[in-house]
Amino acid sequence: MSQTTQPIAEDEEDWFNKDENDFVVEIPSNAAAGTAIAEKEVDDCQGASVREMLDNLKFTADDVDGNYIDSLKRSDPAGLKHSSRKVEPGKYVQTIPFTKLTNVLDNETVSMFADLYVQKEEFLATLTKRTYGEELMLVLMRIMIKLGSMPLYETATVQFNDTLVRFCDALLGVLSEKDQKHRELLEELKTFPTEEHPTKKISIYPTVKELRADAGPSLDLKRNIVHGKYESVEHYLDVHLNLLKEDFLIPLRSGLEKYRASVAKHSREWTFVGENIRVHYPVKLLLPSTINRRTVKEQLIVVDLDPANRGYSNESARYRRLSLPNSKRLLNGSMVLFSSGPQMDDLVVAVISCRDPNQLLDGYINVELIRLDKDGESNDDTGMNIFNRPLLMIESEIFFEPYHQTFNALVRLREENFPLKSYIVDVSQPVQRLPRYFTEGKGHLFVNAGIEFDLKLPESWPKESLKASIGLNESQFEAYRMALTNRFTLIQGPPGTGKTFIGLKIVETLLANTSEQILIICLTNHALDQFLCGVTRFTESIVRMGGQSKHPLLDAYNVKQLHEDEQIDRRLRICYYNAKQQYLKLVEQFDELQEQQREGFDGLSKPMRQCMDKLLDASRRLNELSQLGTLKLIQHFRVVAMTTTFAARNRTLLELLRTPIVVIEEAAEVLEAHIVSSLTQHTEQLILIGDHKQLRPTTSTYVLSRRYKMDLSLFERMINNRFSAATMTVQHRMRPEIANLLRPTIYLVLEDRESVQALPGIVGMKKSLFFLRHTFPEGAEPTASKSSKDGQDEHGAGDEKSKRNVFESKFLLALCEYLLAQGPYTAQDIVILTAYNGQMLQLVSEKKNRAALQGVRIAVIDNYQGEESRIILLSLVRSGNLTTNGDGNTIGFLSHENRICVALSRAREGLYIVGNMGLLARCSKTWHGVERRLDSQEAIGDSLPLQCTQHGQVVEVKTPEDFEQFTFDGKTCICGILQR
């Protein structure tokens, strides 16, 4: 049956949970034969709907917190309804006394729910009484209003509201027409919308038809809106949900298109390794009883990846050789597809649910089945034989989990609960911009460093006193003031202008002057850790969500530590225990159904499918109860911090928290869908800090970025629509000559703080900035789009084509050794950056043979935004290709201004670049501008000038071999080397 959710209260936290199907109270009907039909309908409707409603105090969203649901549930009644266990004949269940109900009602919502959940049978019996006193009916209605007033998730909404309406109609049928007060309350309960929302028709899971379509975007795909507003919330969701889906599906369709072409040439070879997909053949889906007994839903279906090559030991030599547990392949949350053959006449959509390293070494993984689909009009999947026969398995290179979590967070949004709708959808700036929680009492009066200022009168602030006491320059002060006095704030911070610094000052002020909780969200774990380390300087009331923190300072603030130190509410523990017992009973039931399955039938029987549906519901109940327990632990912390992926995965928790203040760092690098999925209807103040001139959000499909503007962040879209933004203009990072490369080419205004004038020059170098020109050609790894016996290479990888330049790699490694030999620098002072993964691997491989370089970091530009180093050595790679690829005179994404900006702005004291400037300047106006700035500073040439630290003599080097003439023993200078 359904899905539904439980919301919560009017002024309390969100609601949540799910009830169990088994606890249904069946009151025998003793109505006399002469009872009027109308009365009988009222009783039947009342009893059934109340039971359904309480059963539906659980959600079954399309997917909640890592549970994957789709069309295993079909339109047949048995597939849509839970078979609720009836109370044994003659069993009497006591009702809850009226006084106890009133006490329960007085509790905050989560406590009220927990009280009702632990005595669920008694509460059902109370609701299904045949008669209600006036006071009892009023209390029950208030309880249901309190539980039903919170936002419900889509797949649960229709069913819940339907039962809610029937329940109210039943009570209205027995109430006197003169009892207007109670009738109005019941009508209020019925006001929730019951129509099916259009977004429910969109599923992120592919169908046979979608996978057979052309590789490009869907013909009816809508573009992201760059200028202007969206027509409605429905229009907004339609655009962003479909863009998310296509960004995942296009690489999958493209890979399948190449796969089918490969099979057409090599009809007997069904294994395949391509740029976007790997195809494994043969594999088998097994029921767990054929391996061993399972105790969790995530292990109900086993995939044997190597059924043809197992020996008597049941081990797989091939998968032990591949050592996949150490790779990022076949991760939990990855989507895999199964089919009988390359034509994809049938399709099993599944998600990897358990990746045990030891089992993976033997070629076993576990999956959850999401959708069974066949070509043709019939959707009856009962007869699909999917077990114990050879299938091909398609593994996508694109990780499914972030798409799935963000999609399911967005699909729950509606007109009435869309966060900051007037800004995000309507693209308008309301007259009243101050957050509502400031407007009552004296909450608008703030104090910082003993100086008072009024948020309602921002122009009256004592600017100079505040700037001096807080330590802000003029542009930082404007950003600070805008953030505190607006519901929706954009702060642009060019490189080195102090984005993290100003964010910390804003958070510190809000913590000191409000009692509100603050939610801090970052795209990456690294950025989140960096920001939180700053927050620890002015509060201990911090909880860091997720388990990926790498900073030891934050260990004490991790939510895992809280779970170890604090005990969950006793009632919630009882609720969780009861739900877990039901869950385990369903697992046992599934095992029994396997054993009963008739011999020779390898399909998913209807009872098994229904049991899996119930297991999914039971799993969601456990997840919801777990989140309620987490809520109890963290709701009183002043700062809650998480990544965008964690926020999307735990949207229920965000709604329960009702955090009014949200601060998002590096917001211009986050997809708009990820930001919106991190917000709730309770968001009162959103502060976006970023720089749209630096890296944009990443998409897996270039065409969606170029033609459909999917990589346009919310931050940049608002600036395009002339929203007020505070831009910081004074940089504190780079030597002036390095900053000159960015102005005015990228930033019209970028001033230097006085302190950067005093940064030291680089020891052993004539200049602190230099571009070494060369024309040595680039190379590339061949694209792995061939058939192979194993369907993969020996390393379990099939990296897509990535550029590399051997000359640049050798030159920069030799230069790095030279710099380290000068004395003042350690390995932590130098970072080697490159634009391509292939070049990074080349550098890492060659570095292994150079002992002096151990500890020097090598990174790709895209992974280094937000970081800096004393010295940066930059390899641009692109220099034309001697092969006939047809791309010898292009520079690819090196022409993107955003990437150029990041590459040139990471160094504090020294920046040394190696590249083919002639090619770069021909292909990009931005590089042409950079070339002019380098020329004006005499910082570009065909040889790199080194300078003796003892005598000042300059020696020019052109090739890696030139460095071999130097001895780095600390006794001999470079003056003896003739200039080349």
Side-chain angles (χ1 to χ4, degrees), residues 429 432-435 438 442-514 516 518 520 530-531 534-535 537-539 661-668 684-694 715 718-719 722-734 739 742-743 747-757 866 905:
Q429 300 189 72
Q432 174 55 43
R433 298 183 182 181
L434 199 65
F438 284 149
K442 294 185 177 181
H444 56 92
L445 298 177
F446 273 28
V447 176
N448 193 322
I451 303 171
E452 185 175 272
F453 49 98
D454 190 341
L455 300 188
K456 292 184 176 180
L457 302 170
E459 298 303 322
S460 69
W461 291 14
K463 179 191 293 189
E464 297 305 321
S465 300
L466 278 173
K467 284 168 55 179
S469 63
I470 304 174
L472 305 177
N473 59 46
E474 181 70 23
S475 62
Q476 288 173 336
F477 176 79
E478 293 302 327
Y480 177 81
R481 178 161 59 182
M482 178 177 284
L484 295 180
T485 57
N486 284 273
R487 293 189 67 199
F488 192 100
T489 303
L490 304 170
I491 298 177
Q492 182 190 359
T497 55
K499 292 188 291 294
T500 300
F501 172 79
I502 197 65
L504 290 172
K505 290 297 182 184
I506 292 165
V507 169
E508 181 180 14
T509 303
L510 289 170
L511 287 173
N513 291 275
T514 74
E516 304 293 343
I518 301 174
I520 296 173
Q530 193 175 41
F531 195 92
V535 177
R537 295 199 299 265
F538 37 84
T539 182
I661 307 171
V662 180
V663 179
I664 302 182
E665 258 255 289
E666 295 292 3
E684 285 288 330
Q685 187 174 20
L686 175 62
I687 301 169
L688 300 178
I689 305 173
D691 181 15
H692 59 291
K693 296 287 189 180
Q694 297 186 58
F715 187 98
M718 294 295 102
I719 287 181
R722 301 187 181 280
F723 263 55
S724 298
T727 303
M728 296 183 289
T729 59
V730 181
Q731 70 91 9
H732 306 243
R733 176 186 298 166
M734 300 164 277
L742 308 177
R743 55 191 176 204
Y747 298 101
L748 293 177
V749 179
L750 186 62
E751 303 169 5
D752 297 325
R753 190 184 181 192
E754 291 182 5
S755 59
V756 300
Q757 305 281 352
S905 60

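- Nearest heavy atoms, R722 versus Q429: O-NE2, 4.1 Å.
- Side chains of V756 and M734 form no contact here, defined as non-hydrogen atoms less than 4.5 Å apart.
- The heavy-atom pair separating I719 from L490 by the smallest distance is CG1-CD1, 3.9 Å.
- T500 and E665 are linked by a side-chain donor-acceptor pair at a separation below 3.5 angstrom, with hydrogens and angles left out of the test.
- The minimum heavy-atom distance linking W461 with D454 is given by the pair NE1-O, 2.7 Å.
- Contact of the D691 side chain with the P495 side chain is registered, since non-hydrogen atoms from C-beta on lie closer than 4.5 Å.
- A side-chain contact (heavy atoms from CB on, under 4.5 Å) with Q685 holds for exactly one of L434, I518, T485, L510; it is L510.
- Ring planes of H692 and F715: tilted class, angle from 30 to 60°.
- Here Q492 contributes atom CD and T727 contributes atom OG1; the two are 4.0 Å apart, rounded to the nearest 0.5 Å.
- A donor-acceptor pair is defined here as one N or O able to donate and one able to accept, closer than 3.5 Å; such a pair exists between the side chain of Q476 and the backbone of N473.
- Minimum heavy-atom separation, S475 to V730: OG-N, 4.2 Å.
- Here the closest non-hydrogen pair linking I470 and F501 is O-CZ, 4.5 Å.
- The structure places OG1 of T489 at 9.0 Å from CD1 of I689, a figure rounded to the nearest 0.5 Å.
- With a 6.0 Å radius and a threshold of 12 heavy atoms from other residues, nucleotides or ligands, E754 has its CD atom at or below the threshold.
- With rounding to the nearest 0.5 Å, the separation of CZ in R481 from CG in L484 is 10.5 Å.
- A heavy-atom distance below 4.5 Å is not found between the side chains of E508 and T539.
- Side-chain contact between Q731 and E751 is absent, with no heavy-atom pair separated by less than 4.5 Å.
- The two residues S469 and I451 make their nearest non-hydrogen contact at OG-CD1, 3.7 Å.
- Defined by atom type and a distance below 3.5 Å, a donor-acceptor pair is missing between the side-chain atoms of T729 and Y747.
- Using a 4.5 Å cut-off on side-chain heavy atoms (C-beta onward), F453 and N513 make no contact.
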